[in-house]
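The next block holds one structure in the form of structure tokens; read it before the comments.
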Amino acid sequence: MRVSRLLRGALAVGAVGAVAAGLLASPASARPSDSVKIPGLCNASYNVATARGFDVSKVASKRVVIYDGVTVSLTSNGWAASYAKDPSWALWFHSLNWLVPLALDDPETAIEVFEERDAALPDPGSSTNNKTRKPLGWTQGQFRTRLETATCLYAMTGDERLIPIAKRLVSANMDPDRYPGPPNGPAHNHGTMSNIALVQAGRAFDMKKWIDYAVGRFERDLPDVFSNCGMMWEQSSTYQEHNVSLWNRAARVLDVPLDKPEFALGALVRPDGVLEAVGDGQPEPDMMPNGATLWCPDTGWAAGTPDPSTHYTVHFGPETDRHGHRDHGSITWYAFDIPVLSDRGLYDKKRDRRFDFAKSMAAHSVFEPVGFDAYKATTKGKRGKGTSFTLTDSADGISRQRRISISSTQLVVRDRGRGAKEWIQHWQLAPGWTPTKTGAEHTSGATLTLSCSNINAVQVETFTAWRTSEVAWDLQCLVTARGKKASLSTTLTVSPPS
């Protein structure tokens, strides 16, 4: 397919918005004040630096920066300090986005520090592994975001010292052995963002060949980004939003409409405009629902709006990977215009207890085999009449079957399991619900009744936005296997406020 100059222009214009849309780990944008002069393509870098927190007051005098609560000495040894235990911190620190606010007041120091970092930690090449590259700042995400910062600083300053640095970063971005996508791997949003960064850099540094290279990748990758039903393969509702945003402009100009991906995204959105955070990421607020029914057995999604006040999602599909959680069989449920069951989201990407909890079965409305925390399997789904589904999976001596029936007032779930002595049905209540002896009561006055007799209410955290935690409850129905088999049927009934 021949790509027009219109596409190149649209990508250049849309690059800022697309990159900003990729900040799934960021809260609402914190932009500079109107009195600060900053190019639009710097907004994404500035927003991430602001969201994580920075202190650049001692960079000029002592070569010390505090970034996201970590103090770093900007010396040869300090640059290479290992923070591999927190990949998200290492990604954004080595992006040098914190140089953008520094450059607003002291561009000379910002460029000098960029040069010093470039000299201290040269590219180790594609023959090394990510464990080696991470503390050096040369993973794909790190050099891609650093190219965005270099492009921003060049737009701000026009300083020619940035040109050779940008060329080295572009070379890494163009390296097929380090590209997260075809031909060495499946299409991935990181590859898309890498190409957007190349387009930005090509425009800023007046390098047409960088733009042409990125456009060629766009053209090749697009057919593999979304499945036949319109959902992408990254096992996260918010990454569906992210990929639709990234690809929208390019696809329209390429005359390859994104009707199915946009339809699938709209079906996942509740009537109140909320996209449940299934898998990694934090969704944007006030999204547009379409009230449609979604059925994607290959990628593992079902969603629908049976009536204007009811909505559900069911997640299953391929073995957990990429941005997915151990949430196969999970259900979200919205009834009488009230969120009843929600997913817990993700606090941030720091590898700690909150991260482990958010990824675990214990953070989702699933049937958990106790003692098998690492259980993951491909879960197959069949759709019955109306809003009924049957999910099955088996691996590592464990097998499960879940039958689901959803209506505006009731959720009926019948679980069977084999291979574990104890099992838990988790019912993750949305914020606003308080446990009672028979279920829960909502702040609106609505009530929830569970039919299972052995209910255990566990207080948990739910992560409604970036680094935001609220109190919520997990109602657990417990069952002990008889012999090798366990079975448990539970009916959840919602009564509206009186």
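Atom set for the values below is all heavy atoms of this structure, side chains included, hydrogens, waters and symmetry mates excluded.
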Subject >> Between F226 and W233, ring centroids under 6.0 Å >> reply: no
Original post:
Between the side chain of S245 and the main-chain N/O of E241, is any donor-acceptor distance below 3.5 Å?
Top reply: no
Original post:
In this structure, which one of R133, R146, R178 forms a salt bridge (Lys or Arg N to Asp or Glu O under 4.0 Å) with D123?
Top reply: R178
Original post:
For the residue pair L275 and S237, what are the closest heavy atoms and their distance?
Top reply: CD2-O, 3.7 Å
**OP:** May I ask you to test the W427-L341 pair for a side-chain heavy-atom distance under 4.5 Å?
**Re:** yes
Original post:
Given side chains that start at C-beta, do those of L268 and T313 come closer than 4.5 Å, heavy atoms only?
Top reply: yes
**OP:** Drop me the distance from M361's CE to F367's CZ, to the nearest 0.5 angstrom.
**Re:** 11.0 Å
Original post:
If you measure from the Lys or Arg side-chain nitrogens to the Asp or Glu carboxylate oxygens, is any gap between K349 and D280 under 4.0 Å?
Top reply: no
Original post:
Is the CG atom of D177 crowded by more than 12 outside heavy atoms at less than 6.0 Å?
Top reply: yes
**OP:** With D393 as reference, evaluate K380, R326, R400 under the salt bridge (Lys or Arg N to Asp or Glu O under 4.0 Å) test and give the passing residue.
**Re:** R400
Original post:
Does some side-chain heavy atom of W89 sit less than 4.5 Å from a side-chain heavy atom of Y67?
Top reply: yes
Original post:
Got a sec: does the CG of D286 have more than 12 other heavy atoms crowding it under 6.0 Å?
Top reply: no
Original post:
Angle class for the H94/W79 ring planes (parallel below 30°, perpendicular above 60°, tilted otherwise)?
Top reply: tilted
Original post:
Parallel under 30°, tilted from 30 to 60°, perpendicular over 60°: which one fits the rings of H242 and Y239?
Top reply: perpendicular
Original post:
So do T387 and Y312 actually touch side chain to side chain, heavy atoms under 4.5 Å?
Top reply: yes
Original post:
Would you say the side chain of T192 lies within less than 4.5 Å of the side chain of F218, judging by non-hydrogen atoms?
Top reply: yes
Subject >> Backbone of G181 reached by a side-chain donor or acceptor of R217 within 3.5 Å >> reply: no
Original post:
Got a salt bridge between K350 and D348, using NZ or NE/NH1/NH2 to carboxylate O under 4.0 Å?
Top reply: no
**OP:** Rounded to the nearest 0.5 Å, what's the gap from CD on Q459 to OG1 on T434? Could you check?
**Re:** 10.0 Å
Original post:
Should we count CZ of R117 as having more than 12 external heavy atoms under 6.0 Å?
Top reply: yes
Original post:
According to the interplanar angle, ranging from 0 to 90°, do the rings of F143 and W138 count as parallel (below 30°), tilted (30 to 60°) or perpendicular (above 60°)?
Top reply: tilted
**OP:** Taking atom CZ of R416 as the centre, report whether more than 12 heavy atoms of other residues, nucleotides or ligands fall under 6.0 Å from it.
**Re:** no
Original post:
What about W295 and F389, are their ring centers closer than 6.0 Å?
Top reply: yes
Original post:
Does the separation of the ring centres of F93 and W98 fall below 6.0 angstrom?
Top reply: yes
Original post:
Does R351 count as lying over the ring of F355, i.e. NZ or CZ under 6.0 Å from the six-ring centre, within 45 degrees of the axis?
Top reply: yes
Original post:
Nearest heavy-atom pair of H325 and A358: which atoms, and what distance?
Top reply: ND1-O, 3.0 Å
Original post:
Do the charged groups of D327 and K376 touch, with an N to O distance under 4.0 Å?
Top reply: no
Original post:
Do the charged groups of R344 and E461 touch, with an N to O distance under 4.0 Å?
Top reply: no
Original post:
Is a side-chain N or O of E441 found less than 3.5 angstrom from the main chain of L448, in a donor-acceptor match?
Top reply: no
Original post:
NE2/H311 to OG/S408 distance, rounded to the nearest 0.5 angstrom?
Top reply: 14.5 Å
Original post:
Should T449 and T436 count as side-chain neighbours, where that means a heavy-atom distance under 4.5 Å?
Top reply: no
Original post:
Should H364 and H426 be marked as a ring-ring contact (aromatic ring centres under 6.0 Å, His included) after you check the CA-CA gap, both sets of side-chain angles, and the distance that decides it?
Top reply: CA-CA 7 Å; H364 307 280; H426 293 275; 9.2 Å; no
Original post:
Hey, are the side chains of V269 and V274 touching, using non-hydrogen atoms and a 4.5 Å cut-off?
Top reply: no
